[in-house]
Every structure is written in structure tokens, then in C-alpha cells.
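Computed from a predicted model, the values in this text were never measured in an experiment. Numbering of ligands and ligand atoms starts at 1, following listing order.
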Amino acid sequence: MARVDLHLHSTYSDGTRSPEWVVRQAAANGAELIALTDHDTLAGVADAQAEGRRRGLEVVAGVEIGVNDPLLGELHVLGFFSNDAPLEDLERQLTVYRTERESRARRTVARLTDLGVELEYDTVVRLADGASIGRPHIARAMVAAGHVESVQEAFDRYLRNDGPAYVPRTLLSLAASIEMIHHAGGFSSLAHPTRYERSSEAVEAFADAGGQGIEIYYRNDGPEEIANGARQAQQLGLIPTVGSDFHGLHPDELRPATVAMPAHAAREITDILRSLST
Ligand code: AMP
Ligand code: MN
Ligand code: MN
Ligand code: MN
């Protein structure tokens with residue numbers, strides 16, 4: 001059982017559970033240290049940390065930032081921060097990307113309407129309820145309106161990256177996202193490297209840009225993927241991180257703090273995160 005989970009989503013982005021709920025689940029699963037990493041926002045961190053204090057579980061401030069590389073496409077970078085990091089400044093810097101998410105959601109709804117899937121943008125906004133808005137909110141609105149049976153069907157038929165209703169986002173560059181994280185005294189890690197089409201090139205580009213960690217222990221990745229990742233991490237001097245990427249969107253999803261990570265690796269990243277300062 002993992003003691004660490006550094007990739008968790010809540011209702012502050014496209015997760016379905018509150019930060020408090022996520023923290024309680026992680027605590028129930030024996031976690032010692034977790035990070036809340038909502039997309040493009042740190043707004044849920046305070047709630048998560050308050051619940052963490054009540055449960056005796058250490059909660060690190062985190063974020064997942066989408067970036068675009070001209071050759072490799074969309075990559076995701078995780079940032080982890082100390083408690084005295086200037087989170088308000090960071091949150092302000094991320095505002096532009098959240099605003100962009102709103103206009104993109106509006107354009108996605110228009111595209112869906114053209115495809116005969118009638119949806120009101122306001123329904124999506126209500127459902128997102130102030131969160132950093134994303135495609136899963138649109139998918140849930142499509143389920144609620146009876147257009148599809150499940151969030152997954154909405155992605156498979158319309159919203160996936162090469163789907164008919166996909167609208168790209170304007171994203172930061174890889175270097176800019178790493179710079180933003182490090183400037184705030186944070187630690188950067190490349191999220192889910194196995195999910196990228198050109199995975200090993202993405203890892204190399206991340207290391208070249210000054211990135212520090214790599215999410216080798218990810219969700220359901222198998223031993224072979226983990227071994228490959230570990231080899232690359234060692235070659236490039238990247239520190240392994242662990243994450244379930246919990247969203248609470250599917251009943252069979254991995255629960256918070258259930259991804260296994262070897263004890264020595266858990267100790268290494270825990271020590272690093274505890275020694276972060278601004
Ligand atoms: P966005 O940030 O709006 O581009 O939406 C991306 C989010 O949608 C990811 O963080 C996942 O939660 C979810 N997602 C992306 N692709 C898929 C897919 N093919 N199937 C199911 N969920 C997906
Ligand atoms: Mn997501
Ligand atoms: Mn991601
Ligand atoms: Mn994620």
C-alpha cells in the first residue's frame with residue numbers, strides 16, 4: 001500500500017469529490033503525505049490542508065499544469081509547493097489559463113451543437129460550480145442531458161483529443177511552466193509519462209527544460225512500464241513520484257493513495273517535499 005499520493009483531483013477542477021473527501025479517503029487508505037493537484041488551480045489546497053490537520057495527514061500544495069510542446073503536443077506538469085510558497089501569486093498567474101478554459105468550453109459546446117448534441121453552456125457552468133472548467137464537466141452535462149450514457153462515451157464519441165468536438169487550449173510552454181513552479185520554490189514532476197505518444201522524448205524534453213521529477217508510479221501502469229521509467233529516470237537524474245490521478249469519475253477508478261511505490265522512493269520524495277522552501 002502506498003503511503004504517498006501526489007496526484008489527486010477535487011471539485012476545484014474536474015474531480016467529483018471535495019478536497020476534504022479526498023483527504024479522508026487517502027487517510028483511510030493509510031497515506032502519510034499527499035498532494036492535491038487540480039488542473040490550473042490551487043484553490044482547493046486550503047480546504048485539503050485543513051482536513052489534513054484534522055486527520056493527521058500531511059497535505060502538500062500542488063497543481064497540474066497543461067503545457068504545449070511544438071513537437072510533442074500536450075504534456076502535463078505537476079508542481080508541489082511548501083506551505084510558505086506565494087500561492088496567491090501563482091493562483092493569479094494561472095487565472096489566464098482558467099479564463100481560457102471557459103472560452104474553450106463555450107467553443108466546445110458550440111461545436112457539439114453543430115454536431116447535433118444540443119447543450120446549454122450555462123448547464124456546464126452550473127455543473128462546474130466555480131471549478132477550473134474542463135472537458136469532464138462537458139461530458140457530465142452530456143450525460144445529464146441524455147446524449148450519452150457515460151462520461152467515457154462522451155469522450156470516446158466526441159471529446160477525445162482527436163474527437164469531432166475537440167477544441168485545443170492555449171497552453172504554456174514546457175519551459176515556462178517549469179520556470180513558474182521553480183520560481184515559487186516548488187518541485188516539478190512530469191505527469192503520467194506513459195500516456196504520451198512520444199513518451200521517452202517527452203521525458204527527455206522535460207529533463208532538458210530543467211524538470212526535476214517523473215511520475216513513474218502512475219495509476220495502473222504495469223511492471224514493465226515502471227521499469228522503463230525507472231531506467232530513464234536514473235539516466236536523466238529525475239526523481240520518481242507517485243500518483244493515482246484520482247478524479248472520482250468512474251466507479252472502478254483507483255482510490256486515493258493506493259498506488260504502490262517502493263519505500264526508498266517514497267522516502268526520497270517525501271524528504272524533498274518536506275524540505276521545500278521559497
Ligand atoms: P481538459 O483539461 O479540459 O483538456 O480535459 C482533460 C481531462 O479530461 C483529463 O484531465 C481527464 O480527466 C479527462 N480525459 C481526457 N481524455 C480522456 C479520455 N480519452 N477519456 C476519458 N477522460 C479523458
Ligand atoms: Mn482531469
Ligand atoms: Mn493529466
Ligand atoms: Mn491529473
Note, Leu249 side chain near Arg140 side chain (heavy atom, < 4.5 Å): yes

Does any non-hydrogen side-chain atom of Arg126 lie less than 4.5 Å from one of Glu120?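 Counting from C-beta outward, Glu120 and Arg126 never come under 4.5 Å.
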
Ile34: which of Leu57, Val4, Leu6 passes side chain to side chain contact (heavy atoms under 4.5 Å, CB included):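 Checked Leu57, Val4, Leu6 against Ile34; only one passes side chain to side chain contact (heavy atoms under 4.5 Å, CB included): Leu57.
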
Distance alone, cut at 3.5 Å: any donor-acceptor contact between the side chains of [X] and [Y]?
X      : Y      : value
Asn29  : Thr258 : no
Ser132 : Asp40  : no
Arg98  : Thr95  : yes

Would you indicate whether Glu74, at its atom CD, is surrounded by more than 12 heavy atoms from other residues, nucleotides or ligands within a distance under 6.0 Å?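 Yes, the 6.0 Å shell around CD holds more than 12 heavy atoms from other groups.
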
Looking at Leu36 and Pro19, what are the two nearest heavy atoms and their distance?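 Result for this residue pair: CD2-CB, 4.1 Å.
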
For Glu74, is the nearest heavy atom under 4.0 Å from an atom of ligand 1?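 So Glu74 does not count as touching ligand 1.
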
Does ligand 1 have any atom sitting under 4.0 Å from a heavy atom of His9?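 No, that is not the case, since the closest heavy atom of the residue is not under 4.0 Å from the ligand.
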
I'd like the name of whichever of [options] reaches closest to [atom] through any heavy atom.
atom                    : options                       : answer
atom 2 (O) of ligand 1  : Arg135, Arg104, His76, Arg101 : Arg101
atom 9 (C) of ligand 1  : Ile133, Asp14, Asp40, Asp162  : Asp14
atom 17 (C) of ligand 1 : Phe155, Tyr166, Tyr97         : Phe155

For the atom pair CG (Leu254) and CZ (Arg219), what is the distance rounded to the nearest 0.5 Å?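 The CZ atom of Arg219 is 7.5 Å from CG of Leu254, to the nearest 0.5 Å.
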
Taken by chain and residue number, the protein N/O/S atoms under 2.8 Å from the Mn ion (ligand 4) read His7 NE2, His9 NE2, Glu64 OE1, Asp245 OD1

Among all protein heavy atoms in this structure, tell me which lies nearest to [atom], with the distance rounded to 0.1 Å.
atom                    : value
atom 12 (O) of ligand 1 : His247 NE2, 3.1 Å
atom 21 (C) of ligand 1 : Gln152 OE1, 3.3 Å
atom 10 (O) of ligand 1 : His39 NE2, 3.0 Å

In terms of ring plane angle, is the pair His39 and His247 parallel, tilted or perpendicular, where the classes change at 30° and 60°?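 Judged by the thresholds at 30° and 60°, the geometry between His39 and His247 is tilted.
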
Proximal atoms of ligand 1 relative to Pro136 (non-hydrogen, under 4.0 Å):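 Taking each heavy atom of Pro136 in turn, ligand 1 has 5 (O), 7 (C), 8 (O), 12 (O), 13 (C) under 4.0 Å.
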
Proximal atoms of ligand 1 relative to Gly134 (non-hydrogen, under 4.0 Å):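 Heavy-atom distances to Gly134 below 4.0 Å select 3 (O).
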
Any donor-acceptor pair under 3.5 Å linking the side chain of Arg169 with the backbone of Arg101? no

